[in-house]
Structures are given as structure tokens and as C-alpha cells.
Amino acid sequence: MNKYNPQEIELKWQKFWEENKTFAVTEDSTKEKFYGLIEFPYPSGAGLHVGHPRSYTAMDVITRQKRMEGKNVLFPIGFDSFGLPTENFAIKTGRPPAEITAENITTFTRQLKSLGFGFDWNRAVTTSEPEYYKWTQWIFLQLYKHGLAYKANQPINWCPKDKIGLANEEVVTHSTSSGQVSCCERCGSTVEKRNKEQWMLAITKYADKLLEGLNEVDYISRAKVQQENWIGKSEGAEINFALNVPRQDLGKHSVTVFTTRPDTIFGASFLAISAELAQKWIDVGWQASEEVKKYIVETLQGRTTAVAREDIEKTGVDSGIIAINPVNNESIPVWIVNYVLGDVGTGAIMAVPAHDERDFEFAQKYNLPTKEVVIKQLGERVDGSEVRNTARGICVRDGKLLITRNKKMGEYLLVGGGIDNKESPTGALLREIKEETGYCNIKISSYLGTVEHNYFHTQHKKNLHALVAGFVFELENEETVPRVENEIQKANILWLPVAEAIEKFENSPSFCREVEFIERYLQKKGLPFTENGVAYNSDFLNELPTPEAKEKMIQWLEEKRVGKRKKNYKLRDWVFSRQRYWGEPIPLVFCENCKGWIPLPEDQLPLKLPHVEKYLPTDTGESPLAPMTDWVNTTCPQCGGPARRETDTMPNWAGSSWYWLRYCDPHNVEQLASKEKLNYWQPVDWYNGGMEHTVLHLLYSRFWNQFLYDIGVVPTREPYKKRTSHGMILASDGQKMSKSLGNVVNPDEMVEQFGADALRVYILFMGPFDQAVAWDTNGLVGVRRFLERVWNLQEKIYDNIPAIVGQITDNKIQTVLHQTIKKITEDIAAMRFNTAIAKLMELSNEMGTREKIAREDYHIFIKLLAPFAPHITEELWNLFGTGDSVAYAPWPQYDSELIIEAEIIIVVQVNGKVRDQLTVSPEISEEEIKQMALSSEKVMKWLEGKEPKKVIYVKGKLVSVVV
RNA sequence: GCCGCGAUGGCGGAAUUGGUAGACGCAACGGACUCAAAAUCCGUCGAUCGCAAGGUCAUGAGAGUUCGAUUCUCUCUCGCGGCACCA
């Protein structure tokens with residue numbers, strides 16, 4: 001036997017795979033397809049990062065296993081090669097980006113091949129090659145022709161260092177001592193706001209479709225949630241408020257607000273409008289006071305600094321204008337405030353302090369009225385345990401609280417009682433007040449929230465909670481009705497000063513909630529109440545639950561023509577142009593004669609990037625292409641007259657927004673990919689990538705795919721059936737790997753020292769796949785030892801043919817072997833690679849304790865290990881298997897009979913503590929095992945002669961004896 | 001602030017319809033082999049009490065439910081990720 005020599009073996013098999021085109025695939029309608037996708041790398045000058053192989057190895061394992069299961073597997077690779085780092089390097093060195101990219105791709109290709117991934121290299125694509133970006137440009141033209149690409153002059157995020165416009169998605173906020181600052185995602189410079197003509201893609205038109213599409217895909221929930229948050233759909237209404245403008249005519253006499261809570265309109269105590277909107281009013285002739293004007297100017301100035309706008313203290317000024325609430329004709333003031341933004345909704349809101357955090361904060365500060373119009377609905381079960389609902393009221397008059405003196409229970413804070421089925425809390429309270437006190441003209445004035453209380457229920461061995469709702473109510477007058485005799489007997493009523501009342505209840509644990517309610521009343525806690533509840537003090541909405549109240553309100557508004565249903569999104573259109581060189585040229589020309597942007601005819605694609613002398617963007621923000629007059633000046637494809645090319649290029653996101661489609665048919669010169677091939681391979685069955693791409697890349701590429709679906713180019717609406725994400729690999733110090741920290745692990749060195757197989761297995765073994773893990777080279781040492789032990793097992797192989805050798809099958813090995821087949825198969829499907837490998841180690845340890853190992857058992861072991869460590873297993877398969885490549889060896893099936901162990905250990909517990917273990921056959925009956933347990937010496941000792949109250953048997957696991 | 005996730009030995013981590021906590025790996029320690037070292041192989045390895053048999057404690061903290069809780073419920077602490085005045 002030779003020594004395990006990964007360097008030799010790995011090169012040998014990598015060469016074999018390449019020469020035999022082992023992983024090249026063609027469409028085959030007789031076989032079920034499987035399309036596994038990883039995010040193609042950006043070929044940076046730094047070479048492959050150890051983070052890359054985590055995703056690639058995982059998908060390599062999955063696709064290799066699918067291949068062994070007989071699927072026709074597409075596992076492609078390519079390079080996302082347009083982008084800023086290369087361009088910046090070009091600026092620094094004066095070398096053409098294309099040349100730098102080619103070099104980097106050579107390095108990446110060598111590195112990727114050295115790790116033994118089963119990529120179909122024939123299908124490799126490079127986004128910066130004209131054959132590829134021809135189709136990126138083609139897609140852009142389709143978007144343009146369908147009205148989804150347009151040029152707009154609007155404020156954009158401008159990075160003064162990179163000299164490019166950034167999409168919102170590329171701006172990150174950093175906390176500094178002076179507050180939060182918006183920064184460029186890649187260079188960290190503080191972002192400025194600038195106005196610039198930019199190409200925009202109307203992704204907002206797809207907002208609903210992108211949201212709906214999430215229902216039909218299997219993405220990790222975090223990705224779904226993040227996409228939903230980013231799209232940020234909110235449904236509500238636009239409502240018009242008539243304005244009574246003092247002195248001047250505004251040109252119009254109303255303002256439209258957007259709200260998601262039209263049901264709270266009866267609680268609107270003022271309108272709050274943005275400074276932007278106020279400025280517009282001034283522009284059309286509103287003569288605001290000097291104070292107001294000053295406030296508007298200051299607020300607008302504050303906006304232009306890129307400092308993020310949260311955490312800023314809320315300020316505002318009364319405009320002097322009065323608005324009329326359409327539902328009750330109430331006059332409310334219009335305030336100009338800094339917390340309403342011009343670019344959100346309509347730039348104006350109706351402020352309902354009782355039910356909105358921000359409005360509440362503002363109203364407190366400026367002493368504006370707060371009117372509650374929604375209260376909490378009780379009556380739902382909490383966490384499956386039983387809930388008792390009660391309501392308590394505190395009644396106030398002249399600073400005194402009404403107390404009930406209950407002869408049996410001591411003193412009560414006025415009233416309370418259980419809420420019957422179908423009764424509302426307020427209804428129950430009003431009924432009880434009347435019964436207990438006789439006061440009959442009472443009004444609930446505010447809600448204090450609920451207290452969950454289980455103090456005196458704990459003696460029952462159940463999760464019994466009482467939800468106690470607190471209310472404040474007022475007597476409208478002193479009128480009473482006679483109380484029933486029973487109540488008079490039971491309780492007296494008296495009025496106490498607040499402090500005295502608190503004192504009464506403070507020391508009684510059962511009544512601490514009463515104190516809490518009084519305190520809430522005094523501090524007005526419980527407000528704002530922003531959840532769903534039940535409407536009250538709301539005229540025709542009263543007693544309706546929030547969703548129904550919203551609905552009814554919207555209908556009312558539409559009927560009266562003072563408002564309408566409206567959806568609102570956070571998602572903004574996609575800023576699609578960059579003033580840069582190293583990107584796809586936008587295939588449009590501007591023609592003075594035709595008065596507009598004219599698309600290049602499709603037969604003139606690709607529009608190639610010209611060679612330029614300097615790659616540096618200009619200070620005016622124009623692209624390095626702008627000075628290339630030879631290239632810029634062209635003729636109009638429509639009229640033949642002089643025209644100018646667009647000099648902006650596309651952002652990095654463009655090329656990666658459709659690359660998985662090109663893999664299906666990468667050499668097609670007629671189409672982006674043929675219909676037949678797309679029909680065969682689409683959609684991607686499983687896409688794994690970084691968490692950092694779950695918002696942007698996923699959203700953009702889904703948008704393009706949906707668009708291409710709508711125009712009949714691709715066969716499925718959603719591009720990816722399943723999306724998973726891997727955790728980051730951190731440096732051994734637990735920090736992010738970075739050149740500047742000098743803690744970067746180089747994959748080349750690891751391959752050289754330990755071998756690609758060891759690196760692959762270690763990367764998957766180091767921790768749960770979806771979590772961040774710190775690098776530990778010692779762990780790699782351990783994995784290398786494991787592979788060596790596997791290698792050395794070959795010495796024990798024998799042919800287990802009973803007739804010839806007379807050996808007896810090793811039952812224990814059989815059991816472990818088949819358990820392992822089951823576990824590995826399940827673990828790969830669930831990406832639990834770490835436990836899969838642990839199980840393989842257990843199996844190899846078990847085999848290591850044997851004198852001999854049957855050849856067929858060793859075969860199974862090699863096949864199970866093959867997706868993880870392809871080189872060593874190819875070698876062993878070649879030496880001891882049936883020849884051929886193990887890559888296509890059939891995946892082993894487990895025998896469910898063999899999984900059952902010959903004898904099992906049953907644990908015996910006495911009062912929950914393990915006291916004995918019994919080794920028995922798995923077929924043992926419940927009676928037998930209970931008998932055995934009770935007659936065990938150890939158990940008898942702990943029983944101390946007492947009769948067991950209960951004996952529980954959990955099949956195959958334990959016997960629990962309760963004394 | 002809101003939403004989501006997490007906390008288990010010296011370390012990475014196992015263990016889910018609630019059923020022997022610590023699989024597997026690393027590190028550490030002891031032994032074999034060796035002139036020696038490395039490599040390899042064998043063994044020990046949560047804490048604590050005990051000569052031992054064995055006991056007790058232990059999965060971020062505190063409570064609850066249960067015969068039994070790392071697992072379920074509630075409260076709290078810390079950490080990570082996302083969003084952030086979106087009306």
C-alpha cells in the first residue's frame with residue numbers, strides 16, 4: 001500500500017475529469033434534470049477567498065449526490081467580471097481592465113479546478129465578454145421598449161470618491177459620534193445628494209409581482225422576510241382634507257394624506273405635512289408667516305445633508321391653516337413638521353397621537369390633543385393555555401378614585417369582572433358598573449392596556465392566565481339606578497384620593513395590577529396603542545375590529561368621494577446608470593432630430609466598449625467614455641442624422657441578473673438561450689449564495705426573470721425554486737478576514753499542505769452551514785487524519801463470499817453502515833454537512849476496530865464519502881471498486897431492516913433520575929420491560945420498598961417509575 | 001426603536017413529535033513505539049464530593065408546565081443580523 005498522497009492523487013483525477021469531460025452535460029429528456037447553482041465569483045485580484053469554497057463545496061456535494069442518484073445534473077460556473085475594483089486597479093496601473101480581468105480569471109480557474117468541483121467548464125460564461133453582454137444589452141433594450149427604462153433627473157446618492165451614483169441599496173449607514181451617516185458601501189465615503197440625469201428601471205411596477213412570487217418559492221425565511229421588508233408594501237387609503245386657508249388662495253383647497261390606518265380618522269387631532277409640500281404651497285402663492293418660512297427653509301436644509309434622519313428630534317410649526325376632518329367636520333390645525341418626508345406617500349399625514357408613536361411623541365411635545373379611538377380586543381387564547389378575560393375600570397372624579405369595598409374580598413378598585421363569551425370588554429365593564437354601583441350614565445374615556453396576571457392561578461397545575469384590561473371612565477352625571485339587594489349586601493362604594501387608593505392596594509400581591517393601572521392612568525402609559533383592536537368613539541365604526549373598520553372606512557370615503565384605497569411601497573425605482581468605464585455600454589443614442597433616445601437595432605449588438613486612454617471618471621461626474629468623441633458621435637439608426645451615444649454604463653448588478661439563463665445555452669449566437677434548452681433546465685432547482693445578496697441580487701434577478709417571462713423569453717415566472725444561504729467564514733480571531741488585518745487564509749496554501757479533499761471536508765465539517773464559523777487550521781489537521789485513516793482501511797479489505805472464505809457477516813457493521821446511508825442522504829438534503837461527516841467518521845472508526853472489512857461494505861463507504869472528498873474516493877474506487885468514475889456510481893440505498901439494532905439499551909428512571917440501564921431486544925413487550933425495570937436491584941434500592949404510583953414506558957427509550 | 005436569530009465543556013459543535021446532555025473533531029494529559037523527536041497507535045478528558053461503589057450539581061439568568069425540559073411557556077440579560085421618522 002502506498003502512503004496517502006493527496007497532491008499526486010488530486011492532480012491525477014482533476015486531469016482525468018477534464019480529459020473525460022466527466023461533468024459536461026447535455027439535455028436528455030429521458031432523464032430527470034437537476035440544476036444546482038452557486039453565485040459566480042467576481043474575479044478580483046486577490047484570488048479565491050476561503051469563503052467561496054464554502055458555498056461551492058456544499059453545492060458540489062449536493063450535485064454530486066444527485067448525479068449518483070441518476071439525475072442529469074447541471075452545475076455551471078462563470079465570472080461576474082464587470083465592476084469597480086478592477087476599474088480602480090486599472091486607474092492605478094494604467095492597464096486595460098479587460099487584460100486585468102483575463103489574468104484574474106486564469107487564477108480563479110486554476111484555483112477552482114484545484115478544489116475538484118464538478119463544474120461543467122464548457123458552459124463557463126464571463127459577463128464582460130461581448131458575446132455575453134450582447135444579451136445583457138438586448139435585455140435592456142427590451143426593458144426600454146416596454147417602457148420600463150426611463151431617464152430621470154432626480155436626487156441620487158453621489159459618492160464623491162468613486163464619482164458614481166449609487167443605488168439606495170449600495171448605501172450603508174454607519175454610526176458615528178455625530179449621529180448616523182450614509183456611506184458608500186464599498187469605499188466608505190460619506191454620500192452626498194446630487195441631482196443627475198440617470199437611467200432608471202421601473203422595478204416598482206413589478207413590486208406586487210415580486211411580492212406574490214415569494215409565495216411559490218422555497219427560500220430560507222430570512223431571505224423572504226428581507227425581500228418583503230425591502231418592497232415594503234403598505235395598504236391603506238388616501239384621504240382628502242378640505243383646507244380653510246387664511247388670507248390667501250392656495251390654488252387648491254385641500255390636501256391629500258396617505259394612511260395605513262383610515263380606521264383611526266376619528267382620532268386625528270392635526271395634519272402634519274412635510275417641509276417639501278409646504279414649500280410647494282409657497283411656490284404657488286401661499287403667503288406663509290415669516291416664522292413658518294424660516295422653519296421650512298431650515299428643515300429643507302437639514303434634509304440635504306446626508307445625515308440619516310432618524311434620531312433627530314421632532315420639531316414643527318403651526319402653519320395657521322385649518323383643515324376639516326371629512327368624517328366629523330371637526331376643524332384641526334395643519335402643522336409643518338420635520339418627521340414627515342416629502343418623498344414618502346403624499347408628503348402629508350393625518351396625525352393620530354393616540355395610535356402612532358411619532359404623532360404621540362410630537363403631540364406630547366407641542367401639547368396637542370390626544371383622542372383614543374381604538375382599544376385592545378381581548379378574548380384570544382395565548383400560547384394554547386387557558387385564558388380568563390377580565391376588565392377593570394378606574395373611575396375618576398375631582399381627583400378622586402371610586403373604590404368598592406367588598407365585604408368578602410377586601411377593597412377593590414372599582415369594578416371588574418369576567419367577560420362573557422361574545423361580550424366586548426367595554427360592554428362587560430359598563431354592565432358591571434351599573435350592577436355594582438348603580439351609576440348608569442357612564443362613558444369609557446380611555447384604555448390603559450392589559451396586564452397578564454397569573455398570581456393566584458399557579459396553584460392549579462395548568463398554564464392559566466388572566467388578561468386584565470384596564471379602562472378609565474367618567475361619570476356623565478350622578479344619576480343612579482337602584483342596585484339589586486345582593487350587590488348592596490356585597491359592596492359599599494366610596495371615593496378616595498389617588499394616593500390613598502394606591503396605598504390600599506400596594507401591599508396586596510393579588511391587587512398589584514390595580515396599582516399598575518392607577519400608575520398608568522397618572523402617567524398616561526398604555527399610549528400610544530398601535531396594534532389592532534376594536535374601534536370606539538368612532539361613530540359608525542364603533543365595536544368593529546380594526547381590519548373591518550379599515551375596510552368600512554375606505555368604503556365610506558370612496559362613497560363620499562373624499563378618499564380612495566391606495567397601496568404604497570418602500571421600493572424605489574432602480575438607478576441603473578453608472579458614470580464608469582468597466583460596465584456594459586447602454587445601447588441607446590440621443591438624436592436631436594428625432595427628439596429622443598433611439599435604441600440600437602438588435603443586429604448592431606453588442607455595442608462594444610471602446611478602448612480608452614484614461615479610466616478615471618471626470619469631476620463633472622461624466623463617464624470616461626464621454627471624451628471619446630469618435631465613439632460618442634454616431635448616426636441615428638432611425639433618421640440617419642448625427643446622434644450621440646449614451647456614455648453611462650450599466651451597474652454590476654446587470655450581468656448577474658440573468659446569468660443562470662445563459663448557462664443553459666452559453667454559445668447561442670441567435671438568442672439569449674434557446675427555448676428548448678430553457679424549457680429543459682429552468683428553473684434553477686437549488687441556488688445557494690451569500691446572505692448579503694438576499695435583498696439586492698435576488699430582487700433584481702427575479703425582476704428581470706419575471707419581465708423576461710412576461711415577454712415570453714423564459715418559461716418560468718420565478719427563476720429559483722429553492723434558495724439557501726451559507727454563513728460567513730471568519731478568521732481565527734473571530735473577525736472578518738481582511739487584507740488589512742492580515743488574517744486571511746489562502747486556499748492555495750491549504751490545498752498544498754493538506755490537500756483539496758481535506759480542505760473541502762473541513763470547510764463543511766467546521767460548523768452548521770448557515771452560521772458564521774471561525775477558521776481553525778487545527779480542525780483541518782483532524783480532517784486530514786480522518787482521510788488518512790480511510791486510506792489505511794484498504795489494508796483490511798477482503799471478499800466476503802461465505803462459500804469461499806467462510807466468514808460471517810458482521811452485523812454491527814451492517815447496522816452502522818445502513819444507519820450511515822440513511823443519515824448521509826438526509827443530511828445532504830438538509831445541508832447538515834457537519835453531522836453527515838461526523839457520521840462518516842463514526843463509521844470509519846467502527847471499521848477501524850475490525851480485523852477485516854468486506855469489500856462491498858468498503859464500496860458503500862467510498863460512495864458515501866465521494867461527494868465530500870471526490871479525489872481520494874476516485875482513487876480508492878479505481879483501486880478496489882469496479883473501475884469507472886465514482887461520480888456516476890449509483891448512490892447506495894439503505895435497508896430499513898438492517899438499521900434496527902440487535903439489542904437496545906433501555907434507561908430506567910426513578911422520579912426523573914436515571915438509575916439503571918437494561919440491555920434488551922428491540923422486540924421486548926411493554927409488560928416484560930416494566931417487569932424487568934421494577935425488579936432491577938438498583939431500581940428497588942431507590943424505590944425503598946414503596947409501591948410505584950405510575951410506570952411509564954417510552955418505546956425503545958426508557959422506563960420511568962414514579963413513586 | 002421595530003423585526004428575526006442565537007447563548008451547551010478549555011475550543012468548534014452534537015442531541016427536537018419533551019426521554020441516558022456533551023456525538024464527531026480540536027486542544028490538553030497519560031501510556032506504547034523511538035537513542036530522541038515528529039508521525040502513528042492505545043487510554044483519560046463538564047464541575048464537584050468520595051478510597052470505592054456511587055452521589056450531587058450542570059445546557060446565559062429566573063420562574064412555570066411535566067414522571068421527565070438543552071427542547072414547550074413567561075420574564076430578564078447578553079450577543080449577532082436586518083430595517084429604521086415608510087405614515
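Chain naming here is simple, since letters A, B, ... match the order of the sequence lines and numbering starts at 1 in each. Only heavy atoms go into these numbers, but all of them, side chains included; no hydrogens, no water, no symmetry mates.
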Peer 1: I need the A:Arg723 CZ to A:Leu698 CG distance, nearest 0.5 Å.
Peer 2: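 Atom-to-atom, A:Arg723:CZ and A:Leu698:CG are 5.0 Å apart.
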Peer 1: Counting only Watson-Crick or G-U wobble pairs whose two distances fall under 3.5 Å, which nucleotide matches B:rG68?
Peer 2: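 When the pairing criteria are applied, nothing turns out to pair with B:rG68, so the answer is none.
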Peer 1: Are A:Lys913 and B:rC57 close enough that a side-chain N or O sits under 4.0 Å from OP1 or OP2?
Peer 2: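 A:Lys913 to B:rC57 OP1/OP2: side-chain N or O found under 4.0 Å.
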Peer 1: Looking just at side-chain N and O atoms, do A:Tyr339 and A:Asp359 make a donor-acceptor pair shorter than 3.5 Å?
Peer 2: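 Yes.
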Peer 1: Choosing from B:rG54, B:rA87, B:rG19, which nucleotide comes nearest the side chain of A:Val954?
Peer 2: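 Nearest to the side chain of A:Val954 among the choices is B:rG19.
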Peer 1: Considering only the C1' atoms, how many Å lie between B:rG9 and B:rG62, rounded to the nearest integer?
Peer 2: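 Rounded to whole Å, the distance is 23 Å.
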Peer 1: Looking only at non-hydrogen atoms, find the nearest pair between A:Val761 and A:Ala869 and report the distance.
Peer 2: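 For A:Val761 versus A:Ala869, the nearest heavy atoms are CG2-CB, 4.1 Å.
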Peer 1: Check each of A:Ile952, A:Val954, A:Leu958 against A:Gln909 using the side-chain contact (heavy atoms from CB on, under 4.5 Å) test, and report the only one that passes.
Peer 2: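 Running side-chain contact (heavy atoms from CB on, under 4.5 Å) over A:Ile952, A:Val954, A:Leu958 with A:Gln909 returns exactly one hit, A:Leu958.
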Peer 1: What is the distance, to the nearest angstrom, from the CZ atom on A:Arg358 to the P atom on B:rA84?
Peer 2: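 It works out to 14 Å between those atoms.
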Peer 1: Across the strands shown, which category fits A:Asn778 at heavy-atom distances under 4.0 angstrom: base, sugar-phosphate, nothing?
Peer 2: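 Contact class for A:Asn778: sugar-phosphate only.
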Peer 1: What does B:rA63 pair with, Watson-Crick or G-U, if both distances are under 3.5 Å?
Peer 2: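 Pairing partner: B:rU73.
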Peer 1: Please report the distance separating the C1' of B:rG22 from the corresponding atom of B:rC45, rounded so that it comes out in whole Å.
Peer 2: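 It works out to 12 Å between them.
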Peer 1: Base, sugar-phosphate or nothing for A:Gln909? Non-hydrogen atoms, less than 4.0 Å.
Peer 2: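 It contacts base atoms.
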Peer 1: My understanding is that a pair needs two contacts under 3.5 Å, Watson-Crick or G-U wobble. By that rule, which nucleotide pairs with B:rG30?
Peer 2: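 Its partner is B:rC42 (Watson-Crick or G-U wobble, both distances under 3.5 Å).
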Peer 1: Is A:Trp775 touching bases, backbone alone, or none of the nucleic acid, heavy atoms closer than 4.0 Å?
Peer 2: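 Here A:Trp775 touches no strand at all.
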Peer 1: What I want to check is whether the side chains of A:Asn240 and A:Ser254 have a donor and an acceptor closer together than 3.5 Å.
Peer 2: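 Note: A:Asn240 and A:Ser254 side chains miss the donor-acceptor criterion.
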Peer 1: Walk me through whether A:Val961 and A:Trp942 qualify under side-chain contact (heavy atoms from CB on, under 4.5 Å).
Peer 2: CA-CA 10 Å; A:Val961 182; A:Trp942 287 97; over 6 Å; no
Peer 1: Is A:Arg261 salt-bridged to A:Asp356, cutoff N-O under 4.0 Å?
Peer 2: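 Here A:Arg261 does not pair with A:Asp356 in a salt bridge, since their nearest N and O are not under 4.0 Å apart.
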Peer 1: Taking atom P in both B:rG55 and B:rG10, what distance in whole Å separates the two?
Peer 2: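 To the nearest whole Å, 23 Å.
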Peer 1: Could you write out each protein N or O paired with an N or O of nucleotides 37-45 of chain B at a distance under 3.5 Å?
Peer 2:
{"residue": "B:rU40", "atom": "OP1", "partner": "A:Arg785", "partner atom": "NE", "Å": "3.4"}

Peer 1: Look at the side chain of A:Val340 and decide which nucleotide, out of B:rG25, B:rA87, B:rA23, has an atom nearest to it.
Peer 2: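 The answer is B:rA87, which lies nearest to the side chain.
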Peer 1: If I take atom CZ in residue A:Arg915 and atom C1' in nucleotide B:rG68, what distance separates them, rounded to the nearest angstrom?
Peer 2: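 Rounded to the whole Å, the gap is 13 Å.
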Peer 1: Under a 3.5 Å limit for both distances, which nucleotide forms a Watson-Crick or G-U wobble pair with B:rA47, could you say?
Peer 2: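 Pairing partner: B:rU56.
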Peer 1: If you find the nucleotide of RNA chain B closest to A:Val962 and the one closest to A:Lys941, which residue's nucleotide is nearer the 5' end?
Peer 2: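 Looking at the nearest nucleotide for each, A:Lys941 comes out on the 5' side.
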Peer 1: Heavy-atom nearest nucleotide on RNA chain B for A:Ile837 versus A:Asp359: which residue maps closer to 5'?
Peer 2: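 This one resolves to A:Ile837.
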Peer 1: At 4.0 Å (heavy atoms only), tell me whether A:Thr260 reaches a base, stays on the sugar-phosphate, or touches nothing.
Peer 2: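 Sugar-phosphate contact only - A:Thr260 comes under 4.0 Å of backbone atoms but never of a base.
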Peer 1: Could you tell me whether the phosphate oxygens of B:rC86, OP1 or OP2, come under 4.0 Å of any side-chain nitrogen or oxygen in A:Arg572?
Peer 2: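 Answer no for this pair, as no side-chain N or O of A:Arg572 is under 4.0 Å from OP1 or OP2.
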Peer 1: Go through the structure and list residues passing side-chain hydrogen bond (donor to acceptor under 3.5 Å, both in side chains) with A:Lys957, not counting sequence neighbours.
Peer 2: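 Residues passing side-chain hydrogen bond (donor to acceptor under 3.5 Å, both in side chains) with A:Lys957: none at all.
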Peer 1: What's the gap between B:rU70 and B:rA58 when it is taken at their C1' atoms, as a whole Å value?
Peer 2: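 The answer is 11 Å between these two C1' atoms.
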Peer 1: Is the glycosidic torsion of B:rG9 within 90° of 0, making it syn, or is it anti?
Peer 2: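 It is syn.
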Peer 1: In Watson-Crick or G-U wobble terms, both distances under 3.5 Å, what is the partner of B:rG6?
Peer 2: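 For B:rG6, the partner nucleotide comes out as B:rC78, under the 3.5 Å rule.
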Peer 1: Which one is paired to B:rC83, where only Watson-Crick or G-U wobble pairs with both distances under 3.5 angstrom count?
Peer 2: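 Per the H-bond distance test, B:rG1.
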Peer 1: Is A:Arg784 salt-bridged to A:Glu788, going by a charged N under 4.0 Å from an acidic O?
Peer 2: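 A:Glu788 and A:Arg784: salt-bridged.
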Peer 1: Will you find, in the side chains of A:Thr835 and A:Asp827, an N or O donor that is under 3.5 Å from an N or O acceptor?
Peer 2: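 Indeed, the side chains of A:Thr835 and A:Asp827 share at least one donor-acceptor pair under 3.5 Å.
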Peer 1: Given B:rC67, B:rC57, B:rC83, identify the nucleotide with an atom nearest to the side chain of A:Trp230.
Peer 2: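 The closest nucleotide is B:rC83.
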Peer 1: I'd like to compare against my own output: the B/S/- annotation of nucleotides 2-15 of chain B with a strict under-4.0 Å heavy-atom distance to protein.
Peer 2: ----------BSS-
Peer 1: Tell me the closest heavy-atom pair linking A:Gly755 and A:Pro6, and the distance in Å.
Peer 2: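 Here A:Gly755 and A:Pro6 meet closest at CA-CB, 4.0 Å.
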Peer 1: For A:Asn792 and A:Tyr4, which I'm curious about, is there any donor-acceptor pair between the side chains at under 3.5 Å?
Peer 2: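 No pair is found: no donor N or O on one side chain lies under 3.5 Å from an acceptor on the other.
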Peer 1: Distance check needed: B:rG25 P versus A:Lys839 NZ, whole Å only.
Peer 2: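 Computing the A:Lys839:NZ to B:rG25:P distance gives 13 Å.
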Peer 1: Among B:rG19, B:rG55, B:rC57, find the nucleotide with the atom closest to the side chain of A:Ile952.
Peer 2: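 Nearest to the side-chain atoms of A:Ile952, counting from C-beta on, is B:rG19.
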Peer 1: Looking only at the aromatic ring of each residue, does the gap between the centers of A:Phe270 and A:Phe362 stay below 6.0 angstrom?
Peer 2: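 Yes; A:Phe270 has its ring centre under 6.0 Å from that of A:Phe362.
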Peer 1: Mind checking A:Glu357 for me? I need base, sugar-phosphate or nothing, with any heavy atom below 4.0 Å counting as a touch.
Peer 2: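 The residue A:Glu357 makes no contact with any strand.
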Peer 1: Counting the atoms with a prime plus P, OP1 and OP2 as sugar-phosphate, which does A:Lys570 contact under 4.0 Å by heavy atoms, base, sugar-phosphate, or nothing?
Peer 2: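 If one applies the 4.0 Å heavy-atom cut-off, A:Lys570 turns out to touch a base.
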Peer 1: Measure the distance from CG on A:Asp916 to C1' on B:rG55 and round it to the nearest whole Å.
Peer 2: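 So the two atoms are 16 Å apart, to the nearest Å.
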Peer 1: Give one of base, sugar-phosphate or nothing for A:Lys314, where a contact means two heavy atoms less than 4.0 Å apart.
Peer 2: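 Touches a base.
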Peer 1: In whole Å, what separates the P atom of B:rU20 from that of B:rC72?
Peer 2: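 One P to the other, the span is 16 Å.
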Peer 1: In whole angstrom, what separates A:Lys365's NZ from B:rC85's P?
Peer 2: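 Rounded to the whole Å, the gap is 17 Å.
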Peer 1: Mind checking A:Gly232 for me? I need base, sugar-phosphate or nothing, with any heavy atom below 4.0 Å counting as a touch.
Peer 2: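 Contact class for A:Gly232: none.
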Peer 1: Using the P atoms only, state how far B:rC86 lies from B:rG81, rounded to an integer number of Å.
Peer 2: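 So the two P atoms sit 23 Å from each other.
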Peer 1: Rounded to whole angstrom, note down the C1' distance from B:rA15 over to B:rA63.
Peer 2: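 The answer is 25 Å between these two C1' atoms.
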Peer 1: Can you identify which nucleotide, out of B:rC24, B:rA87, B:rC26, has its nearest atom closest to the A:Met841 side chain?
Peer 2: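 Nearest to the side-chain atoms of A:Met841, counting from C-beta on, is B:rC24.
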Peer 1: Rounding to the closest angstrom, what is the interatomic distance between B:rU65 and B:rA69 at atom C1'?
Peer 2: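 Each nucleotide's C1' atom is 10 Å from the other's.
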